[in-house]
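The block underneath contains the structure these notes are about, expressed in structure tokens.
Lettering of chains follows the sequences in order, A, B, ..., and the numbering in each one begins at 1.
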There are 2 protein chains.
Amino acid sequence: MKRNTWQRDAVREALEHEAGFVSAQSLHTSLRGGGSSIGLATVYRALADLAAKGQADSLQQEGESLYRACTSGHHHHLICRNCGTTVEIKADAVEQWAHAVAAEHGFTRPEHVVDVFGLCASCSAR
Amino acid sequence: MKRNTWQRDAVREALEHEAGFVSAQSLHTSLRGGGSSIGLATVYRALADLAAKGQADSLQQEGESLYRACTSGHHHHLICRNCGTTVEIKADAVEQWAHAVAAEHGFTRPEHVVDVFGLCASCSAR
DNA sequence: TACTCTATTGATAACGAATATCATTAGCAC
DNA sequence: GTGCTAATGATATTCGTTATCAATAGAGTA
């Protein structure tokens, strides 16, 4: 049976207060900095749970997993390589394309990774 | 100055003889199995070089980098979650969409990660 | 409320991929 | 051949993540 603990709530809340994507490690550090006694392993577990339930989405960058509170439904990201700013983007056309291309080759249960990296306007200026 | 060594050639050749994506570790193991005395660090360096020169493409899966000899130009992949079979897919529509969406938000130098994971026909059957 | 059961926690050890170190080796220009 | 130095490779190290396991604390039940 699933139990509700203050630790899970703390992780979800902390994630919602973050501006962009954060790693499990840095989320743990900021929770500790805020006076919490939560353990690192628990942060990893809570984030994995949130991601599994669709309440957070994640992406891989430079060998580590970054998480972000999931605001609504399925979407993708436009991420600044330099400052980490992220923009959520809807891409219905790409969703359909992914399904079509999977079906075309006999693949089932398609999931896709679609992220666009670049330099945001302010980082481009520099 | 760049020097040509038999180690780099061995890595490129081994990569070309692989069917799908392989990790640096497994490529090193198979090279060693074939009688080579190449070092693990060298395999990592050679793969990074190949990827940087566009002669190999890579993707992240479960926290490790996988490499594959790059046959031609830019493309994406349809990958079986179960057996690792990969199919190269062209997606001009997605390329254009990525550029358009990046430009729309003021992003420059867009690069994108577009991979579709699923279960291939034979794995679906089981 | 007291009791029981067991999911969850957290300190820490363990693991694994990738990188750094550095003495040795071997391309390549001359 | 000689000299310079990029490249190699055994190994140590770093770092993100997961496993271990005793202790803790939800959540039903009496």
Side-chain angles (χ1 to χ4, degrees), chain A residues 1-15 18 20-53 55-68 79 81 84 113 115 117, chain B residues 1-15 18 20-53 55-68 79 81 84 113 115 117:
Chain A
M1 179 212 319
K2 203 78 166 189
R3 292 175 183 174
N4 296 326
T5 62
W6 64 264
Q7 286 94 337
R8 281 187 215 275
D9 290 340
V11 169
R12 183 169 52 238
E13 199 171 331
L15 196 62
E18 289 288 337
F21 281 84
V22 277
S23 66
Q25 307 257 6
S26 67
L27 200 63
H28 176 243
T29 302
S30 66
L31 278 164
R32 281 299 184 97
S36 175
S37 63
I38 195 170
L40 177 60
T42 303
V43 175
Y44 272 99
R45 282 186 286 242
L47 286 173
D49 283 357
L50 287 172
K53 280 189 289 185
Q55 296 180 24
D57 53 16
S58 64
L59 63 86
Q60 307 286 318
Q61 195 176 23
E62 288 163 26
E64 69 178 344
S65 294
L66 302 182
Y67 297 88
R68 189 187 194 186
I79 304 138
R81 253 197 303 275
V113 177
D115 289 305
F117 293 84
Chain B
M1 182 211 316
K2 202 77 164 189
R3 291 175 183 173
N4 296 327
T5 61
W6 64 263
Q7 286 94 336
R8 281 188 215 274
D9 289 341
V11 169
R12 182 170 52 239
E13 199 171 331
L15 196 61
E18 290 287 338
F21 281 84
V22 277
S23 66
Q25 307 259 2
S26 67
L27 199 64
H28 175 244
T29 302
S30 67
L31 277 163
R32 281 298 185 96
S36 174
S37 63
I38 195 169
L40 177 60
T42 302
V43 175
Y44 273 100
R45 282 185 286 240
L47 286 173
D49 283 358
L50 287 172
K53 280 190 286 184
Q55 297 180 23
D57 54 15
S58 64
L59 63 86
Q60 306 286 318
Q61 196 177 22
E62 290 163 23
E64 70 178 345
S65 293
L66 303 182
Y67 297 86
R68 188 184 194 189
I79 304 138
R81 252 197 302 275
V113 177
D115 290 306
F117 293 85

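With rounding to whole Å, L47(B) atom CG is found 12 Å from dA18(C) atom C1'. If you measure from atom CH2 of W6(B) to atom P of dG27(C), you get 10 Å, rounded to the nearest angstrom. Across the protein-nucleic acid pair, D9(A) atom CG and dG26(D) atom C1' stand 13 Å apart, rounded to whole Å. Straight-line distance from the CG atom of L40(A) to the P atom of dC15(D): 14 Å, rounded to whole Å. L66(B) has its CG atom 8 Å from the P atom of dA18(C), to the nearest Å. Straight-line distance from the CG atom of L27(A) to the C1' atom of dG16(D): 15 Å, rounded to whole Å. If you take NE2 of H28(A) and P of dT17(D), they are 13 Å apart, rounded to a whole angstrom. In this structure, I38(A) atom CD1 and dA11(C) atom C1' are separated by 14 Å, rounded to whole Å.
Side-chain atoms of A41(A) lie closest to dA19(D) of the nucleotides dT8(D), dA19(D), dG26(D). In the set dC28(C), dA10(D), dT20(D), dA10(D) carries the atom at the smallest distance from any side-chain atom of R32(B). Closest to the side chain of E64(B), from the set dG9(D), dG16(D), dA17(C), is dA17(C).
For R3(B) against dT5(D), a side-chain N or O and a base N or O form a donor-acceptor pair under 3.5 Å.
Pairing each heavy atom of A14(B) with each of L27(B), the nearest pair is CB-CD1, 4.0 Å. In terms of heavy-atom proximity, A10(A) sits nearest to L31(A) at O-CD2, 3.9 Å.
Side-chain contact between L66(A) and R68(A) is absent, with no heavy-atom pair separated by less than 4.5 Å.
Between the side chain of H28(B) and the main chain of I38(B), a donor-acceptor pair closer than 3.5 Å is present.
At most 12 non-hydrogen atoms from other residues, nucleotides or ligands lie less than 6.0 angstrom from CD of E13(A).
Remark: Q7(B) is in phosphate contact with dG9(D), judged by side-chain N or O atoms under 4.0 Å from OP1 or OP2. Between S65(B) and the phosphate of dA18(C), there is a side-chain N or O to OP1/OP2 separation shorter than 4.0 Å.
In terms of position on DNA chain C, the residue among Y44(B) and V43(A) whose nearest nucleotide sits closer to the 5' end is V43(A). Toward the 5′ end of DNA chain C lies the nearest nucleotide of G63(B), the other residue of the pair N4(B) and G63(B) mapping further downstream.
Using a 4.0 Å heavy-atom distance criterion, R8(B) is classed as a sugar-phosphate-only contact. Contacts of T5(A) with the nucleic acid, taken as non-hydrogen atoms under 4.0 Å apart, involve only primed sugar atoms and P, OP1 or OP2. Counting any heavy atom pair closer than 4.0 Å across all strands shown, S23(A) reaches no nucleic acid atom.
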